[in-house]
Amino acid sequence: MAAKTLNLDNFLPYRLSIASNALSGRIATEYQNRFGLKIPEWRLMAVLGEGRPMTQRELVEATRMDKVTVNRAAKVLADRDLIARQAHQDDGRSHHLELTQTGRSLYDAIVPAALASEERLEAQISDAERATLMTILAKLIAAAEDYD
């Protein structure tokens, strides 16, 4: 039996990475030019903009970014007065991060741009294809998390 060879054009992890980098790169340029935000900073703002204050540990889990990246992004956002740190009442070493009023205003300005970017990208696929893609991505994420 012939040994299986690696063909990057058909290697799923590679193709997903290429797609992710292409989409993120397109959006990153827009967010950097229009709002002065890099992707990690926007991801933190997006998560915080959807709900409650969170610790950096919770943000690491929610964004799937490493601790150093989350820490650096949080520092940049705090320096720009876009997020505030509140001491965690149960753990003095931890802080809750939340959007400031300035951060909320910027978030509210970015959301329409984010949705417009998504709409432009999704114009290339049907609603059924999008639903199938979301199902497949959920399965792949679950498989990757269960992988040993």
Side-chain angles (χ1 to χ4, degrees), residues 3-86 88 94-148:
K4 187 174 179 179
T5 60
L6 178 66
N7 178 332
L8 285 179
D9 286 337
N10 292 315
F11 187 59
L12 184 61
Y14 176 76
R15 298 296 293 177
L16 287 171
S17 178
I18 294 297
S20 176
N21 289 343
L23 299 176
S24 291
R26 167 79 58 194
I27 292 168
T29 300
E30 181 176 351
Y31 291 170
Q32 181 69 44
N33 292 341
R34 290 182 64 188
F35 306 109
L37 293 172
K38 294 178 180 171
I39 290 294
E41 296 155 14
W42 163 240
R43 285 185 184 160
L44 291 190
M45 288 190 65
V47 171
L48 292 172
E50 286 188 344
R52 64 180 173 74
M54 298 175 80
T55 64
Q56 284 191 205
R57 176 178 286 153
E58 291 170 326
L59 287 166
V60 165
E61 291 175 23
T63 62
R64 301 261 171 41
M65 295 187 297
D66 63 75
K67 291 187 302 188
V68 172
T69 301
V70 168
N71 187 46
R72 286 182 183 152
K75 181 170 179 8
V76 168
L77 294 173
D79 289 348
R80 288 184 57 186
D81 192 37
L82 298 174
I83 63 170
R85 296 173 186 260
Q86 298 292 329
H88 191 293
S94 181
H95 293 82
H96 278 115
L97 304 177
E98 64 183 318
L99 295 180
T100 61
Q101 189 61 41
T102 302
R104 174 61 61 186
S105 295
L106 183 59
Y107 173 85
D108 290 343
I110 294 172
V111 167
L115 294 173
S117 292
E118 179 186 43
E119 188 174 323
R120 281 192 305 275
L121 292 168
E122 288 184 358
Q124 306 306 309
I125 61 175
S126 70
D127 290 345
E129 288 172 322
R130 183 192 193 284
T132 300
L133 176 61
M134 296 303 277
T135 299
I136 292 168
L137 290 173
K139 287 179 180 182
L140 290 172
I141 291 166
E145 289 172 346
D146 290 342
Y147 191 80
D148 283 324

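If you read the sequence from its start, that first residue is 1, and numbering goes on from there.
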task = Give a yes-or-no answer on whether the side chains of Asn21 and Ser24 include a donor-acceptor pair shorter than 3.5 Å.
result = no
request  = Decide yes or no on side-chain contact (heavy atoms from CB on, under 4.5 Å) for Arg85 and His96, but give the supporting numbers first.
outcome  = CA-CA 6 Å; Arg85 296 173 186 260; His96 278 115; over 6 Å; no
task = Kindly check if the number of other-residue, nucleotide or ligand heavy atoms within 6.0 Å of CZ (Arg72) is above 12?
result = no
ask   = How about His95 and Gln86: do any of their side-chain heavy atoms sit closer than 4.5 Å?
value = no
inquiry  = What I'd like to find out is whether the side chain of Glu50 reaches to under 4.5 Å of the side chain of Tyr107, using heavy atoms alone.
reply    = yes
Nearest non-hydrogen partners of Ala113 and Glu30, listed with the distance = CB-OE2, 3.7 Å
remark   = Taking every heavy atom of Gly49 against every heavy atom of Leu99, the minimum-distance pair comes out as CA-CD1, 3.6 Å
task = Take Asp66 and Val60 through the side-chain contact (heavy atoms from CB on, under 4.5 Å) test and state the conclusion after the steps.
result = CA-CA 6 Å; Asp66 63 75; Val60 165; over 6 Å; no
task = Can you see which heavy atom on Gly103 is nearest to which on Met45, and at what distance?
result = O-CE, 3.3 Å
ask   = What's the verdict on side-chain contact (heavy atoms from CB on, under 4.5 Å) for Arg15 and Asp9, showing C-alpha distance, side-chain angles and the deciding distance?
value = CA-CA 7 Å; Arg15 298 296 293 177; Asp9 286 337; 4.1 Å; yes
task = Inspect the contact between Glu58 and Arg52 and indicate whether a charged nitrogen and a carboxylate oxygen are less than 4.0 angstrom apart.
result = yes
query = Roughly how far, to the nearest 0.5 Å, is the CE atom of Met54 from the CG atom of Leu44?
reply = 9.5 Å
query = What distance separates Arg64 CZ from Leu59 CG, expressed to the nearest 0.5 Å?
reply = 13.0 Å
ask   = How close do Ala28 and Ile39 get, heavy atom to heavy atom, and via which atoms?
value = CB-CG1, 3.5 Å
task = Take Leu140 and Leu12 through the test side-chain contact (heavy atoms from CB on, under 4.5 Å) and record every step on the way to the result.
result = CA-CA 10 Å; Leu140 290 172; Leu12 184 61; 3.9 Å; yes
message = So for atom CG, which belongs to Asn33, do other residues, nucleotides or ligands contribute more than 12 heavy atoms lying within a distance under 6.0 Å?
response = yes
request  = Answer with yes or no whether the side chains of Arg130 and Gln124 bring together a donor and an acceptor at under 3.5 Å.
outcome  = no
Candidates Thr100, Leu37, Thr102 - the one meeting side chain to side chain contact (heavy atoms under 4.5 Å, CB included) with Arg80 = Leu37
query = Do Glu41 and Leu82 have side chains that get closer than 4.5 Å, going by heavy atoms?
reply = no
request  = Give a yes or no answer on whether the side chain of Glu129 reaches the backbone of Ser126 with a donor-acceptor pair at less than 3.5 Å.
outcome  = yes
request  = Might you work through the side chain to side chain donor-acceptor pair (under 3.5 Å) test for Ser117 and Arg120, ending with a clear yes or no?
outcome  = CA-CA 5 Å; Ser117 292; Arg120 281 192 305 275; 3.2 Å; yes
query = Can you find a pair of side-chain heavy atoms, one from Lys139 and one from Thr135, that are under 4.5 Å apart?
reply = yes
ask   = Is a side-chain N or O of Thr69 found less than 3.5 angstrom from the main chain of Met65, in a donor-acceptor match?
value = no
key: Heavy-atom side-chain proximity of Pro40 to Trp42 below 4.5 angstrom   = no
key: Among Val70, Leu77, Leu48, the one residue meeting side chain to side chain contact (heavy atoms under 4.5 Å, CB included) with Leu97   = Leu48
